[in-house]
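Owing to the predicted nature of the structure, the values given are computational and were not obtained by experimental measurement.
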Amino acid sequence: MDAPHLPDVPDTDDAVAARIDVALVRRLVAEQFPHWADLPVRAVEVGGWDNRTFHLGDTMTVRLPSGEGYALQVAKEQRWLPVLGPRLPLEVPTPLAHGRAGAGYPYPWSVYRWIDGQTARPERIHDLTRFATDLAGFLRALRSVDATGGPAAGPHSAWRGAPLSTYDAETRAAIETHRDRLPVDTVTGIWQAALDATWAGPPVWFHGDVAYGNLLVRDGRLAAVIDFGCCGVGDPACDTVIAWTLLHGPSRAAFRDALDVDVATWARGRGWALWKALITLDNPEPAKAAEAHHVLDQLLAERTVSR
């Protein structure tokens with residue numbers, strides 16, 4: 001008797017992520033871009049989680065989404081990075097090829113030109129205030145690019161650029177969960193102020209994930225901005241979060257001045273920073289949990305000073 005047919009079970013994100021390795025990249029490249037098949041493939045030092053990144057030869061990278069939600073971002077980056085890049089004052093990724101599902105991998109993927117640099121950890125930045133103003137200049141330039149036809153905030157951007165109310169229930173639940181460890185009234189006040197400071201302007205371009213891991217430095221200065229997977233058009237307040245994750249004191253003040261945002265946008269930025277910190281307080285990775293505590297400390301200290 002023939003074995004009964006079992007329905008196909010979709011891959012989970014974890015199952016797909018577990019299969020992404022050098023061997024898979026080699027198979028995909030050989031199958032779809034045979035003119036690059038002889039080039040060596042190796043994992044990059046900081047490969048990421050949402051997308052896994054590999055060197056392809058000396059001048060290219062291969063970037064594979066680790067889950068279905070991240071796969072939504074591939075076509076967007078392929079479409080819009082060539083539009084944004086020439087209008088921005090720092091290097092951004094240049095798409096070279098658009099891969100498709102294959103070799104047992106279920107999602108689209110990309111080949112980009114390699115950008116040399118190191119992630120912007122504090123010890124690699126020579127002058128944090130200059131770094132802050134350079135970054136602000138980049139974000140101002142991004143905001144100024146014509147947003148007509150650009151991708152409105154949504155699932156592809158993890159709702160960056162959308163109203164903060166998207167995460168209201170999750171934030172309030174996190175406050176309640178950690179109420180024994182938080183000054184609840186103060187934290188709730190920061191969140192409510194962010195919700196009340198609604199965006200009233202026209203949609204503009206935002207990056208969506210301005211974190212030190214997506215900022216590259218060379219010779220101690222900001223040189224490139226990578227990973228536009230969460231980009232879109234909408235409210236740019238999400239791009240201010242770096243003010244509390246990396247910047248402090250004079251560099252934060254310089255960033256705010258150079259970015260030229262109003263009080264309401266800064267308040268919404270605090271809200272974005274608070275939401276992320278609250279939901280990662282118990283992250284099993286000690287470094288991520290420590291960063292969440294650091295951001296909370298920064299937000300609370302700023303709140304105290306501003307009163």
May I have the step-by-step check of side-chain contact (heavy atoms from CB on, under 4.5 Å) for Arg124 and Thr119, ending in yes or no?
-> CA-CA 8 Å; Arg124 295 170 176 162; Thr119 54; 2.9 Å; yes

Val295 vs Lys276, side-chain contact (heavy atoms from CB on, under 4.5 Å): CA-CA, chis, key distance, verdict = CA-CA 9 Å; Val295 171; Lys276 187 62 177 289; over 6 Å; no

Intermediate values then yes/no, side-chain hydrogen bond (donor to acceptor under 3.5 Å, both in side chains), Thr188 and Asp185 = CA-CA 5 Å; Thr188 302; Asp185 290 345; 5.7 Å; no

Worked check of side-chain contact (heavy atoms from CB on, under 4.5 Å) between Leu259 and Arg143 | CA-CA 10 Å; Leu259 193 57; Arg143 292 197 322 243; 3.5 Å; yes

Step by step, would you call Ile190 with Leu300 a side-chain contact (heavy atoms from CB on, under 4.5 Å)?
-> CA-CA 9 Å; Ile190 294 172; Leu300 292 171; 4.3 Å; yes

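A 4.5 Å side-chain heavy-atom check between Tyr112 and Ile226 finds every atom pair outside the cut-off. In this structure, the side chains of Arg26 and Val41 come closer than 4.5 Å at one or more pairs of heavy atoms. Between Phe206 and Cys230 the shortest side-chain heavy-atom distance does not fall below 4.5 Å. Looking at Phe228 and Pro93, their side chains come closer than 4.5 Å, going by heavy atoms from C-beta outward. Between Leu274 and Arg270, every side-chain heavy-atom pair lies at or beyond the 4.5 Å cut-off. Contact of the Val187 side chain with the Leu278 side chain is registered, since non-hydrogen atoms from C-beta on lie closer than 4.5 Å. In this structure, Leu128 and Pro122 have side chains that are not in contact, with every pair of non-hydrogen atoms separated by 4.5 Å or more. With contacts defined as side-chain heavy-atom distances shorter than 4.5 Å, the pair Leu281/Leu296 qualifies.
The two residues Ala141 and Ser144 have their closest heavy-atom pair at O-OG, 2.7 Å. When all heavy atoms are compared, the tightest approach of Ala197 to Ala264 is CB-O, 3.5 Å. Considering every non-hydrogen atom in both His156 and Pro151, the closest pair reads CE1-CB, 3.8 Å. Closest non-hydrogen pair, Val74 versus His98, comes out as CG1-NE2, 3.6 Å. Nearest heavy-atom pair across Val204 and Ala147 is CA-CB, 4.3 Å. Nearest heavy atom pair, residue Gly150 against residue Trp205, reads CA-CZ2, 4.0 Å.
A donor-acceptor contact under 3.5 angstrom links the side chains of Tyr70 and Asp50, judged on distance only. Under 3.5 Å, the side chains of Gln78 and Ser110 contain a donor-acceptor pair of N or O atoms. There is no side-chain donor-acceptor pair under 3.5 Å between Thr133 and Arg130.
To the nearest 0.5 Å, the span separating CH2 on Trp114 from OG1 on Thr61 amounts to 7.0 Å. Between the CD1 atom in Ile175 and the CD1 atom in Ile279 there is a gap of 12.5 Å [rounded to 0.5 Å]. With rounding to the nearest 0.5 angstrom, the NE2 atom of His293 is 8.5 Å from the OG1 atom of Thr280.
Judged by distance alone, with hydrogens and angles left aside, the side-chain atoms of Asp134 form no donor-acceptor pair with the main-chain N or O of Arg221 at under 3.5 Å.
Ionic pairing of Asp260 and Arg140 is not present here: no N-O contact between side-chain nitrogen and carboxylate oxygen is shorter than 4.0 angstrom.
When hydrophobic clusters are built by joining Ile, Leu, Val, Met, Phe, Trp and Tyr residues whose side-chain heavy atoms come closer than 4.5 Å, directly or via intermediates, Leu216 is not grouped with Leu222. Residues Val233 and Trp199 are members of separate hydrophobic clusters, defined by side-chain heavy-atom contacts under 4.5 angstrom among Ile, Leu, Val, Met, Phe, Trp and Tyr. Under the 4.5 Å side-chain heavy-atom criterion for Ile, Leu, Val, Met, Phe, Trp and Tyr, Leu88 and Leu135 are members of the same hydrophobic cluster. The hydrophobic cluster containing Val92 also contains Leu90, counting ILVMFWY residues as joined when their side-chain heavy atoms lie under 4.5 angstrom apart, directly or transitively.
Taking the ring pair (Phe, Tyr, Trp, His ring centres under 6.0 Å) definition, one finds that Phe33 meets it with Trp36, Trp109, sequence neighbours left out. For Trp191, there are no ring pair (Phe, Tyr, Trp, His ring centres under 6.0 Å) partners at least two apart in sequence or on another chain. For Trp275, the ring pair (Phe, Tyr, Trp, His ring centres under 6.0 Å) partners at least two apart in sequence or on another chain are Tyr167, Trp272.
Within 6.0 Å of CD in Glu68 there are 12 or fewer heavy atoms belonging to other residues, nucleotides or ligands.
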Identify each donor-acceptor pair in which a side-chain atom of residues 237-250 lies under 3.5 Å from a protein atom, sequence neighbours left out, and give them as a table.
from, atom 1, to, atom 2, distance (Å)
Asp239, OD1, His207, N, 3.4
Asp239, OD1, Gly208, N, 2.8
Asp239, OD2, His207, N, 2.8
Thr240, OG1, Ala237, O, 2.8
Trp244, NE1, Glu302, OE1, 3.0
Trp244, NE1, Glu302, OE2, 3.4

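Judged as a salt bridge (charged side-chain N to carboxylate O under 4.0 Å, His left out), the pairs with a partner in residues 73-96 (not counting sequence neighbours) are, in order, Arg63-Glu77, Glu91-Arg218. Counting only residues at least two apart or on different chains, the salt bridge (charged side-chain N to carboxylate O under 4.0 Å, His left out) pairs with a member in residues 166-178 are Asp168-Arg172, Glu176-Arg179.
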